Amino acid sequence: MNVRVRYAPSPTGMQHIGGVRTALFNYFFARAQGGKFILRVEDTDQERSTPEALQDLYDTLAWLGVEWDEGPIVGGPYGPYIQSERFGLYQEYAHRLVAEGKAYYCYCAHERLDALREEQTESKSQQQGYDRHCRELSQEQRNAREAEGIKPVIRLKVPLEGKTTFHDVLMGDISRRNKDVSPDPVLLKSDGFPTYHLANVIDDHLMGITHIMRAQEWIPSGPLHIILYEAFGWEPPIYCHLPMVMGKDGQKLSKRHGSTSVRDFKAKGYLPEALINYVSMVGWSYDGVREFFTREELGQVFSLEKINKAPGVFDYKKLDWYNGMYIRQKSDQELADLLAPYLVEAGFIHLQRTSEESTLLESLVPVVRERLKVLSDVVEMVRFLFEEIAEPAVEQLLPKNQEIPVTVTALEKSLEIIMARGDASDAELELRLSALAEQLGIKINGVFMPVRVAVTGSTVSPPLFDSIRLLGLDKAISRIERAVTILKGEVR
RNA sequence: GUCUCCAUCGUCUAGUGGUUAGGACAACGGGUUUUCAUCCCGUCAACGGGGGUUCAAUUCCCCCUGGAGAUGCCA
């Protein structure tokens, strides 16, 4: 079979984890099958569709490195691939269904529909949804409504009897009694635009889509779509409903759970390869053991059979782990380039790096690499190098159970050793400071920690000698001297 | 309310009619280390419940329970 799959988002918000996972699965399936991956923009909601969202869609897919074989920008033999540009098509097909008695005009006002819905909810009525009020309108009644200037919608005449079944690759047969199928859903809105159900069925058919892979939230609409295919006399495609991505609380993943838009993940400093890898492991697995895959590898080994049926919880911690793993794989140069924008944004370096800044950046990378979970972590990690640190507090300078006088001595002697370092190696320097600790009868930490706090302003920092080297000996010395002064001031 | 789907450690998952139910993240403990991180080692931890079928069910069937989704002139 010549596989043709599509990702068909509506540009009504930023691309999020769930949507991207669907896009990825479709893309990988197409690649693994040697088929085509098609992008189609479902902008039939004129109220909510925005150019920003559309741009975000393009940006996101580009960032992830997902290229579509047919779709907006690149074109293709079944275009246009933006539904608003296919406007006339839907009208045509909708009216065809009306002409054949398979759909009808409905003149019900929003007010009536709202009241109806409210009443049904309140009375917990068995029958929820449209009451098919206009299903059997006579020609005279219709003329009367038209004369009032009411713009009708077109609704599908869902059969009242029988049941409809569709097959899902993962779930098997799923059927629904027709009376439980959404009662006569709107196909064409009063503004002339199609609803999802209509546009989706028409385009999938016209574009020769062979497999529909979409989130499980669409399962209830499956039978409805089958009814539509039957009404048009078309062969339905193969369905494969993907498990949903949930938040920690088991609810559909949303902003409440943290960042969900890919744009946010990118801004925080997640790498596309990490996001792709992790997201692909929610709802799909290779063998339960192997967990690292590149985009290309996924495009080789992906298969529908290994998709899980149950929804999966999005685990931010595991994403962090993947991201750290991928960051550590970067070369110095790659990581420097990835980190630079964050340092620029923090105002630490210029967009056009001076040669000193370039040198500093390069020597910084090996020091921070294994400490980063996300790229933006670098900012706080190296802030002490670029900005004057706050005066360390006395308590901060003092290691546990260590008095001020010894600490002062430790600082002063350390300072001497550091200044008199000459061309001694870091290892040699470390030896000397250790010896100092021994002389003073304190732990090694009792020497290193005060110096660390004095120089970096924090008990947590990159290795001390690296920190001093990056900061510059002069600045380091004056910060240590200041610490001594602070401690001495406390004695008086 | 009604309909549909789902159900293995806290999380992502592997797996089988007979297994010590495997791996990873997290958590916790230990080691390496100048702190942190990395790295290494270890510990904790699961087949939701009840009926069947069977010599044998986590695995097959049914019910229950639990969870989710749908029920829009949103997709």
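Within every chain, numbering begins at 1; the chains are lettered A, B, ... in the order of the sequence lines, protein sequences first and strands thereafter. If you're wondering where the values come from, they're calculated on a predicted model, not measured in any experiment.
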Using the C1' atom as the point on both nucleotides, what is the distance between B:G69 and B:C74, in whole Å?
15 Å
Mind listing the side-chain donor-acceptor pairs of residues 186-193 of chain A below 3.5 Å, one per line with the distance, residues two or more places apart or on another chain?
residue: A:K189; atom: NZ; partner: A:T44; partner atom: O; Å: 2.9
residue: A:D191; atom: OD1; partner: A:F193; partner atom: N; Å: 2.9

For B:C47 versus B:U19, give the span between their P atoms, rounded off to a whole number of Å.
16 Å
Atom-pair distance (CG on A:D320; P on B:A26), nearest Å
9 Å
Determine whether more than 12 heavy atoms belonging to other residues, nucleotides or ligands lie under 6.0 Å from atom CZ of A:F87.
yes
Nucleotide B:C25, atom P - distance to NZ of A:K373 in whole Å:
14 Å
Compute the ring centroids of A:W321 and A:F292, then answer whether they are less than 6.0 Å apart.
yes
For A:D332, salt bridge (Lys or Arg N to Asp or Glu O under 4.0 Å) partners two or more places apart
A:R369
Within the supplied structure, the quantity of interest is the number of heavy atoms (other residues, nucleotides, ligands) at a distance under 6.0 Å from A:K475 NZ; does it exceed 12?
no
Atom-to-atom span, CD1 of A:I226 to P of B:U4 - whole angstrom:
16 Å
Return each pair, listed once, that meets side chain to side chain donor-acceptor pair (under 3.5 Å) where at least one residue sits in residues 433-454 of chain A; pairs must be two or more places apart or across chains.
A:R452-A:S461
Of the residues in residues 457-468 of chain A, which ones touch RNA chain B at a heavy-atom distance under 4.0 Å?
A:T459, A:V460, A:S461, A:P462, A:P463, A:L464, A:F465
How is A:M381 classified with respect to the nucleic acid when contacts are heavy atoms under 4.0 Å: base, sugar-phosphate, or nothing?
nothing
Who pairs with A:R479 by salt bridge (Lys or Arg N to Asp or Glu O under 4.0 Å), at least two apart in sequence or on another chain?
A:E388
What is the distance, to the nearest angstrom, from the CD atom on A:E291 to the P atom on B:A26?
11 Å
Thinking salt bridges, do A:D43 and A:R86 make one under a 4.0 Å N-O criterion?
no
If you measure from the P atom in B:G52 to the same atom in B:A57, how many Å do you get, rounded?
11 Å
For B:U4, the nucleotide meeting Watson-Crick or G-U wobble distances (both under 3.5 Å) is B:A68
For the residue pair A:H16 and A:F265, is the inter-centroid distance of their aromatic rings smaller than 6.0 Å?
no
What residues form a side-chain hydrogen bond (donor to acceptor under 3.5 Å, both in side chains) with A:S49, not counting sequence neighbours?
none
With sequence neighbours excluded, tell me which residues meet side-chain hydrogen bond (donor to acceptor under 3.5 Å, both in side chains) with A:R383.
A:E380, A:E387
Between A:Y93 and A:H205, does the ring centre distance come in under 6.0 Å?
no
Going by salt bridge (charged side-chain N to carboxylate O under 4.0 Å, His left out), name the pairs with one or both residues in residues 284-293 of chain A, residues two or more places apart or in two chains.
A:R290-A:E297, A:E291-A:K318
Under 4.0 angstrom, heavy atoms only, what part of the nucleic acid is A:R369 near: base, sugar-phosphate, or nothing?
nothing
Interatomic distance at C1', B:C39 relative to B:U32, whole Å
8 Å
Contacts under 3.5 angstrom, residues 150-163 of chain A side chains, donor-acceptor by atom type, not counting sequence neighbours:
residue: A:R155; atom: NH1; partner: A:D184; partner atom: O; Å: 2.8

Inter-nucleotide C1' distance (B:G17, B:A26), Å rounded
34 Å
A:N323 atom CG is separated from B:U38 atom P, nearest whole Å, by 13 Å
C1'-based separation of B:U8 from B:A21 [nearest Å]
8 Å
Would you mind pulling out the nucleotide paired to B:C74, Watson-Crick or G-U wobble, both distances under 3.5 Å?
none
Please give the nucleotide sitting opposite B:A27 as a Watson-Crick or G-U wobble pair, both distances under 3.5 Å, or none.
B:U43
G-U wobble or Watson-Crick pairing nucleotide for B:G18 (cut-off 3.5 Å, both distances):
B:C55
Protein heavy-atom contacts under 4.0 Å, written 5' to 3' over nucleotides 5-15 of chain B as B (base), S (sugar-phosphate only) or - (none), form the string SSS---SBSS-
Could you tell me how far apart A:L224 (CG) and B:C3 (C1') are, to the nearest whole angstrom?
14 Å
Does the pair A:D56 and A:R263 meet the rule for a salt bridge (charged side-chain N to carboxylate O under 4.0 Å, His left out), with working shown?
CA-CA 8 Å; A:D56 180 71; A:R263 164 197 275 199; 3.5 Å; yes
Send over the distance from A:D168 CG to B:G69 P, rounded to a whole Å.
18 Å
Looking only at atom C1', what distance separates B:G48 and B:C6, rounded to whole Å?
13 Å
Distance in angstrom units between A:K317 NZ and B:A26 C1', rounded
6 Å
When rounded to the nearest Å, what value does the distance between P atoms of B:G22 and B:U58 take?
16 Å
Which atom pairs link the protein and nucleotides 70-75 of chain B when you take only N or O atoms and keep those under 3.5 Å?
residue: B:A70; atom: OP1; partner: A:K252; partner atom: NZ; Å: 3.4
residue: B:C73; atom: O2; partner: A:S190; partner atom: N; Å: 2.9
residue: B:C73; atom: O2; partner: A:S190; partner atom: OG; Å: 2.8
residue: B:C73; atom: N3; partner: A:S190; partner atom: OG; Å: 3.0
residue: B:C73; atom: N4; partner: A:C108; partner atom: O; Å: 3.3
residue: B:C74; atom: OP2; partner: A:K189; partner atom: NZ; Å: 2.5
residue: B:C74; atom: O2'; partner: A:D45; partner atom: OD2; Å: 3.1
residue: B:C74; atom: O2'; partner: A:R48; partner atom: NH2; Å: 2.8
residue: B:C74; atom: O2; partner: A:R48; partner atom: NH2; Å: 3.3
residue: B:A75; atom: OP1; partner: A:T44; partner atom: OG1; Å: 2.9
residue: B:A75; atom: OP1; partner: A:K189; partner atom: NZ; Å: 2.7
residue: B:A75; atom: OP2; partner: A:Y196; partner atom: N; Å: 3.1
residue: B:A75; atom: O3'; partner: A:E42; partner atom: OE1; Å: 3.0
residue: B:A75; atom: O2'; partner: A:S10; partner atom: OG; Å: 3.3

Polar pairs (N or O, both sides) under 3.5 Å between protein and nucleotides 19-21 of chain B?
none

Given the side-chain rings of A:Y27 and A:F25, with only the six-membered ring counted for Trp, is the space between their centroids under 6.0 Å?
no
